[in-house]
Amino acid sequence: MTADAIKARIRTVPDFPKKGIQFRDITTLLADGEALAMSVQELARLSRTGQFDSVAGIEARGFIFGTALAIQLGLGFIPLRKGGKLPVETIGEDYSLEYGIARLELDPSLIATGERVLLVDDLLATGGTAIAGANLLRRAGAVVDRALFVIDLPELGGAKALAAHGLNAEAVVTFEGH
Ligand SMILES: O=P(O)(O)OC[C@H]1O[C@H](OP(=O)(O)OP(=O)(O)O)[C@H](O)[C@@H]1O
Ligand SMILES: Nc1ncnc2[nH]cnc12
């Protein structure tokens with residue numbers, strides 16, 4: 001029921017940002033206080049089977065849910081930023097996603113060796129973004145084996161791709177089709 005209520009608040013926009021993409025737009029979910037709170041509660045519930053020292057979120061939409069979850073769990077938040085945004089020395093990964101290519105960067109001094117980091121993003125499609133995020137965190141010394149999403153698009157194979165990289169992926173809701 002909770003998942004259905006959350007799903008009902010997500011808007012689907014065809015052919016954005018490219019023809020053939022069914023864009024799952026979370027802005028309608030964010031604008032609904034009850035649905036937003038439920039989404040964060042569901043992420044917190046999924047996280048309870050693990051022990052974490054911090055939460056990392058992926059710019060931009062992953063910052064919203066990742067920060068809210070970190071506050072809920074009483075943990076710090078690690079931002080994985082898009083290329084060229086951080087004012088210090090960074091490590092970076094280039095990657096492909098459902099509709100393009102991008103780069104993520106991390107300030108490795110934010111991570112203690114062996115720190116257990118929970119990776120969070122709004123949506124899992126091909127998994128390219130989350131794998132790049134996990135790679136960065138691991139290069140900085142973190143232990144990363146869990147990733148949580150509000151939305152999974154299973155037909156794009158993201159969870160399988162993450163599993164091949166040692167990451168267990170779970171999501172609050174799924175959408176069939178692209
Ligand atoms: O599983 P993948 O195929 O890698 O796609 C998923 C990623 O795509 C979207 O981010 P986008 O790069 O559009 O950035 P935004 O959050 O800044 O809108 C989404 O927020 C995920 O991070
Ligand atoms: N179909 C989709 N909708 C929203 N964000 C996405 N990121 C990657 N694929 C997406």
Side-chain angles (χ1 to χ4, degrees), residues 3 6-32 35-36 39-40 42-43 46-47 54-70 77-86 90-107 117-139 142 144-178:
I6 292 168
K7 200 168 169 177
R9 302 310 302 166
I10 297 165
R11 175 166 59 190
T12 296
V13 181
D15 298 325
F16 181 88
K18 290 181 176 168
K19 198 162 171 45
I21 304 286
Q22 295 272 80
F23 191 82
R24 309 298 179 176
D25 178 20
I26 57 158
T27 59
T28 40
L29 168 65
L30 298 176
D32 181 317
L36 175 60
S39 309
V40 177
E42 285 302 294
L43 290 170
L46 292 172
S47 77
S54 59
V55 176
I58 300 175
E59 187 175 357
R61 289 173 257 159
F63 283 4
I64 301 164
F65 295 103
T67 309
L69 179 61
F77 177 75
I78 308 289
L80 295 165
R81 295 221 62 181
K82 294 278 166 63
K85 300 285 188 183
L86 287 167
T90 60
I91 54 174
E93 294 259 336
D94 298 309
Y95 63 94
S96 308
L97 66 156
E98 188 187 4
Y99 41 64
I101 55 167
R103 179 176 175 81
L104 279 182
E105 291 177 349
L106 167 68
D107 168 6
V117 180
L118 173 60
L119 184 61
V120 173
D121 205 352
D122 69 315
L123 181 143
L124 175 62
T126 64
T129 307
I131 290 166
N135 284 345
L136 273 183
L137 291 161
R138 288 169 174 165
R139 281 168 59 195
V144 192
D145 55 18
R146 294 277 306 277
L148 296 181
F149 305 86
V150 178
I151 304 167
D152 182 19
L153 309 180
E155 284 174 32
L156 288 163
K160 282 194 187 123
L162 264 59
H165 286 80
L167 279 170
N168 177 271
E170 286 173 278
V172 175
V173 304
T174 59
F175 282 90
E176 300 310 320
H178 291 190

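Every value quoted in this text rests on a predicted model; they were computed, and no experiment measured them. For ligands, and for the atoms within them, numbers begin at 1 and follow the listed sequence.
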Numbered atoms of ligand 1 (with element) below 4.0 Å of Y99, judged on heavy atoms: 8 (O), 9 (C), 11 (P), 13 (O)

Straight-line distance of E170 CD to L162 CG, nearest 0.5 Å: 11.5 Å

Sub-3.5 Å N/O-N/O distance, A125 and ligand 1: yes

I26 side chain reached by V150 side chain, heavy atoms, under 4.5 Å: no

Side chain, backbone, both or neither: K18 near ligand 2, heavy atoms under 4.0 Å: neither

T126 neighbourhood, listing ligand 1 atoms whose heavy-atom distance to it stays under 4.0 Å: 1 (O), 2 (P), 3 (O), 4 (O)

A60 N/O under 3.5 Å from ligand 1 N/O: yes

T129 and L123, any side-chain heavy atoms less than 4.5 Å apart: no

N or O contact, L97 vs ligand 1, cut-off under 3.5 Å: no

Close approach of L97 to ligand 2, heavy atoms, under 4.0 angstrom: no

Residue part near ligand 1, for D121, under 4.0 Å between non-hydrogen atoms: side chain

Euclidean distance, R103 CZ relative to D94 CG, rounded to 0.5 Å: 4.5 Å

G62 touching ligand 1 at heavy-atom level, < 4.0 angstrom: no

K82, portion touching ligand 1 at heavy-atom distance under 4.0 Å: side chain

Nearest-option assignment for atom 15 (P) of ligand 1, heavy atoms, candidates E98, R61, R24: R61

Salt bridge flag under 4.0 Å for residues E59 and R81: yes

Mode of Y95 contact toward ligand 1 - side chain, backbone, both, neither (heavy atoms, under 4.0 Å): neither

Pairwise side-chain contact, Q22 with F175, heavy-atom cut-off 4.5 Å (strictly under): no

Atoms of ligand 2, numbered as shown, that sit under 4.0 Å from any heavy atom of Q22: 1 (N), 2 (C), 3 (N)

With L119, the side chain to side chain contact (heavy atoms under 4.5 Å, CB included) member among I131, I78, I58, V55: I58

Charged N-O contact under 4.0 Å between E98 and K18: no

Mode of D122 contact toward ligand 1 - side chain, backbone, both, neither (heavy atoms, under 4.0 Å): side chain

Atoms of ligand 2, numbered as shown, that sit under 4.0 Å from any heavy atom of L153: 1 (N)

For R61, the ligand 2 atoms whose distance to one of its heavy atoms is below 4.0 Å: 4 (C), 5 (N)

Those atoms of ligand 2 less than 4.0 Å from some heavy atom in A125: 8 (C), 9 (N)

From CG (L97) to CG (L124), nearest 0.5 Å: 11.5 Å

Atom 6 (C) of ligand 1: the protein heavy-atom neighbour that sits closest, reported with distance to 0.1 Å: L123 O, 3.5 Å

Nearest-contact summary for atom 7 (C) of ligand 1 - protein heavy atom, Å: T129 OG1, 3.5 Å

Validation row, ring centre F77 to ring centre F63 under 6.0 Å: yes

F23/Y99 under side-chain contact (heavy atoms from CB on, under 4.5 Å): CA gap, chis, key distance, verdict: CA-CA 10 Å; F23 191 82; Y99 41 64; 3.7 Å; yes

Nearest-0.5 Å distance, CZ of residue R9 to CG of residue D25: 11.5 Å

